[in-house]
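Note that these values count all heavy atoms, side chains included, but never hydrogens, waters or copies made by symmetry. Numbered from 1 within each chain, the chains take letters A, B, ... in sequence-line order.
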Amino acid sequence: MKKQINLTVNGKAYSHEVEARLLLVHYLRDELRLTGTHVGCDTSSCGSCTILMDGLAVKCCTLLAVQADGANITTIEGLADNDSLHPLQEGFREEHGLQCGFCTPGMIMTAADLLSTNSDPSEQEIRHALEGNFCRCTGYHNIVKSIQYAANKINNKEVAS
Amino acid sequence: MTKMIGKSVKRVEDKRFITGKGQYTDDIILPNMTYAQFVRSPYAHAKVLGVDTSEALAHPGVVAVYTGADFAEINGVPCGWQVDFKNGDTMKEPKHPLIVVDKARHAGDAVAIVIAESREAARDAADLVDVDYEELEAVVDPKKAAEEGAPLVHDDVPNNICFDWELGNPKEEVDAAIAAASHVTTLEFANQRVAPNAIEPRSYIGDYDSTNDKYTLYTSTQNPHLIRLLMCAFVLGIPEHKVRIVSKDVGGGFGSKIFHYTEEALVTYISKQLGRPVKWTAERSEAFLTDAHGRDHVSKAEMGFDAEGKITGLRIKTYASMGGYLSTFAPAVPTYLHGTLLQGVYTTPKIHIDVVATFTHTSAVDAYRGAGRPEATYLLERLMDTAALEMEMDPAELRFKNFIPAFNGIDEPGYATNVALQYDSGNYAPVLERALEMTGYKDFRKEQAEARANGKLLGIGFSTYIEACGIAPSAVVGALGARAGLFEVSQVRVHPTGKVSVFTGAHSHGQGHETTFAQVVADKFGIPMEDVDIVHGDSDTVAFGMGTYGSRSLAVGGSALVKSIEKIIDKGTKIAAHKLEAAEEDLEFAEGKWTVKGTDKSIGFADISLTAYVPHDYPAGLEPGLDFSSFYDPANFTYPFGAHIAIVEVDKDTGKVSLKRFIAVDDVGNVINPMIVDGQIHGGVVQGIGQALLEHAFYDEDGQLVTGSYMDYAMPRADDVPMIETDRTTTPCPHNPLGVKGAGEAGAIGSTPAVVNAVMDALAPYGIKNLSMPLTSESVWRAMKG
């Protein structure tokens, strides 16, 4: 059974007929070829597939594409414009917040949600916010520092403007 | 040009990963591609009486269904190491078929493979394959597997024993040393099975091109060339030059992606049968059931001491699980990567280890971050802290008393151990001194006493480890049973304009070679890093390689790189001498140019490279071009070491262990990029903490993997761990050109016993000396309740 969906992904409008059971992550990866959103598990536990849906971090491996009908979605590819970097992307590079890179998009999207509601989180608040995201490479140490870097950058900017 | 070696340069590979532009195998969709789904045994041990594929074949979108019978003529997946029995009998090496024919030997063993037009159709059809099983009794414990009457994994392997093995001083000398000791500490425990859990699941695409009779395998491997060799020569019997292996971006490995897996050969083979690409990507639950696991040892460890606390002898008996089939490196792990490390950093005069390797009805067990060395370190370091407690000595003092004195490997040949190795260089006391200083150890004991007085359970644990890295000298490992050399290969191509492409046989799946290797090249040539590209993970562009594992990339691959760099500089010197009309010996190469000593006459790197490709005015008899390859076979392993200290608090009411601090002082020799080395230590330490406190790939007695998903298998999350406090000392490796030792596994090797020792220290008021990992709230709470 196919259903029509209309949605916005990274600022661009899309309209597709999709199988009712198609997962949103497969829609993004296979149909739109936005492969920065990854699949690391089958139980919504690892967070590699985290995207922003209407501004909130969600794990799109357990959402159906039809549930995103009418939604406004941001994936890692759409976090910053063109060749620029979002402060979080910059933070992850500056603080060595990634090694293999597989969990990184999900980490960054989760952190983007955190910083949108709490622009100056403590270390414990950051660690708590990352509870739904596994990283097997970094031991989280530099991921925490990357998010602190981004928070500092965002806050300074706010102060400056 | 400033020095690039030793600088925390930001990683050049990061841009594509932080913008979602990495290319992992599952990101690839080829035209006309099909999808594979496996039908896997729900039983750990079962006869396969029949497989009915008719309904699956009739399902819309299904292209083909294969069962074991379709591959009966094809060889199984080979093992890369042969460790023979003590009596000289050959290691038992039963066939590891691509799909089982007669019997499933672990839960998840493949019984059929469905190929369909879509992922969904393949999955639907797999449910329609009807398999008739007769369930049989299973054995999952490596020690029980060897008992009389245990169910057999392979009918032709008596008592499930793959091999037995021993190493060290004559057993009777060790028995005598322990019998004569004034104190003997004895511990019996399991080093539990854990799942490596790279966050990227294994993914493969086979793509046969009939026009050119050429196969391409896209694979999430740590080891592209070895996969090609094993698959071509030992499994499928296809010509090696007709196979290209591509493993560009790989999402973590930790050992689990070293090995040649059946699924790689299947997608390659079936792609030719169907004339279409075939993709398979593991689901996480499938990864739990089919990725090679780590550890799974059951050991008895005894350490003898004299009245002053000097170690007099060490006796170990270990049962090591191989799982249901032999994986690529499996026999090497409990033997040459474990028994050989039992000298540790101590002067122990008599050591003996006995290993029995058994098959069990479980997933294969093979190298996982540290591979044998964490198990050895766990034995030694748990013994040390327990002995200190029993002898009422300070655990740090006990270590200082027993450390091997410093040696640099230059003024003397190194340190010959009682277990076959010769350490390259070491200086063990300073790492512990520094770790104690960072901990504030003197004050800690006071703090602990106060905490205890206030009813709080605070504990400190130590671990002073050594490991063998830079795997490995080919002749040495060949004598020990390795069926391949373990050298590394580099090709350095200087383009006419002075830009450089490096082709390395090492493989990065998170280690940052694109940065570290480029730093080495930029530093040695005196050119900007932007002028250097590092290419890996494609057997059509990289001549050969042995891949990345065993903390070998820089020590072996980096040394191969330096060899090629030196050849380029030598040839450049010949060209420069001609151009500058000077003798070669009058030239010096520095800062990217050749200069006639004592003059301002010089010629730059790009001028020389251009001359090499436009050789109009050129030394007579010299070949054009500036492009060299090198094979580097190391003279010895490298031996990083360090001291780790954990501080924990145990909640009296719930048994919950909180890790308050973790201090890691490591010596990995010279460091190219401190930021990357710190990152490796952080990650390794947290994996080791995971084993100590959370992780267990637990099979019940029926052989069901109870912790087979992320809902059930506990891995460290961000709020389970503190910031990791790191520092380093530097004892260069004396036998490789960069003086590097390797940093990939150190964290995972040192941390586990430090954490467990800390919990035991916290629980000392309860008289608890030994608990099985993982130290979950439940197990600690139960122990406190007695």
Q.
Test of understanding: with salt bridge (Lys or Arg N to Asp or Glu O under 4.0 Å), list the residues that count as partners of B:D678, not counting sequence neighbours.
A. B:R728
Taking every non-hydrogen pair under 4.5 Å, which of [options] racks up the most with chain A?
options	result
B:I681, B:I724, B:D720	B:I724
B:S709, B:G512, B:S285	B:S285
B:G22, B:P196, B:A282, B:A287	B:P196
B:D249, B:V685, B:I676	B:I676
B:M715, B:M675, B:E283	B:M715
B:V721, B:D14, B:V686	B:D14

**Q.** B:Q511, part contacting chain A, at a heavy-atom distance under 4.5 Å
**A.** neither
Q.
Please classify the contact of B:R119 with chain A as side chain, backbone, both or neither, using a heavy-atom distance under 4.5 Å.
A.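 Interface part for B:R119: side chain.
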Q. Looking at residues at least two apart in the chain, or sitting in another chain, which of them share a ring pair (Phe, Tyr, Trp, His ring centres under 6.0 Å) with B:Y710?
A. A:F134, B:F288
(Q) Holding to ring pair (Phe, Tyr, Trp, His ring centres under 6.0 Å), I want the full list of residues that pass it with A:H128, two or more places apart in sequence or in another chain. (A) none
Q: Considering only NZ, NE, NH1 and NH2 on the basic side and carboxylate oxygens on the acidic side, decide whether A:D83 and B:K15 come within less than 4.0 Å.
A: yes
Q) For the side chain of B:Q37 and the backbone of B:A125, is there at least one donor-acceptor N/O pair under 3.5 Å apart? A)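 Such a contact is absent between B:Q37 side chain and B:A125 backbone.
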Q) Counting only N and O atoms by type, is there a donor-acceptor contact under 3.5 Å from the side chain of B:E745 to the main-chain atoms of B:S551? A)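 Yes; at least one donor-acceptor contact below 3.5 Å.
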**Q.** Pairs of heavy atoms under 4.5 Å with chain B: top-ranked of A:G40, A:G132, A:G101
**A.**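 Most heavy-atom pairs within the cutoff with chain B belong to A:G40.
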Q. Between A:R29, A:E19, A:H86, A:E77, which residue shows the highest count of heavy-atom pairs closer than 4.5 Å to chain B?
A.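 Highest number of heavy-atom pairs under 4.5 Å: A:R29.
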Q.
Testing the basics here: between A:V25 and A:C49, what is the closest heavy-atom pair and its distance to 0.1 Å?
A.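 Smallest heavy-atom distance, with atoms named: CG2-CB, 4.2 Å.
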**Q.** Contacts with chain B made by residues 93-100 of chain A (heavy-atom distance under 4.5 Å), listed by residue number
**A.**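 If one takes a 4.5 Å heavy-atom cut-off, the residues of residues 93-100 of chain A near chain B are A:R93, A:E94, A:H96, A:L98, A:Q99, A:C100.
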Q. Does a side-chain heavy-atom distance below 4.5 Å link B:S247 with B:Y218?
A. no
Q) Does the side chain of B:R202 reach to within under 4.5 Å of the side chain of B:T290, using non-hydrogen atoms? A)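 Answer yes - side chains close enough.
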Q. Within a reach of under 6.0 Å around NZ of B:K10, are more than 12 heavy atoms found that belong to other residues, nucleotides or ligands?
A. yes
Q | Option passing side-chain hydrogen bond (donor to acceptor under 3.5 Å, both in side chains) with B:K257 (candidates B:H507, B:Q222, B:H509, B:E200) | A | B:E200
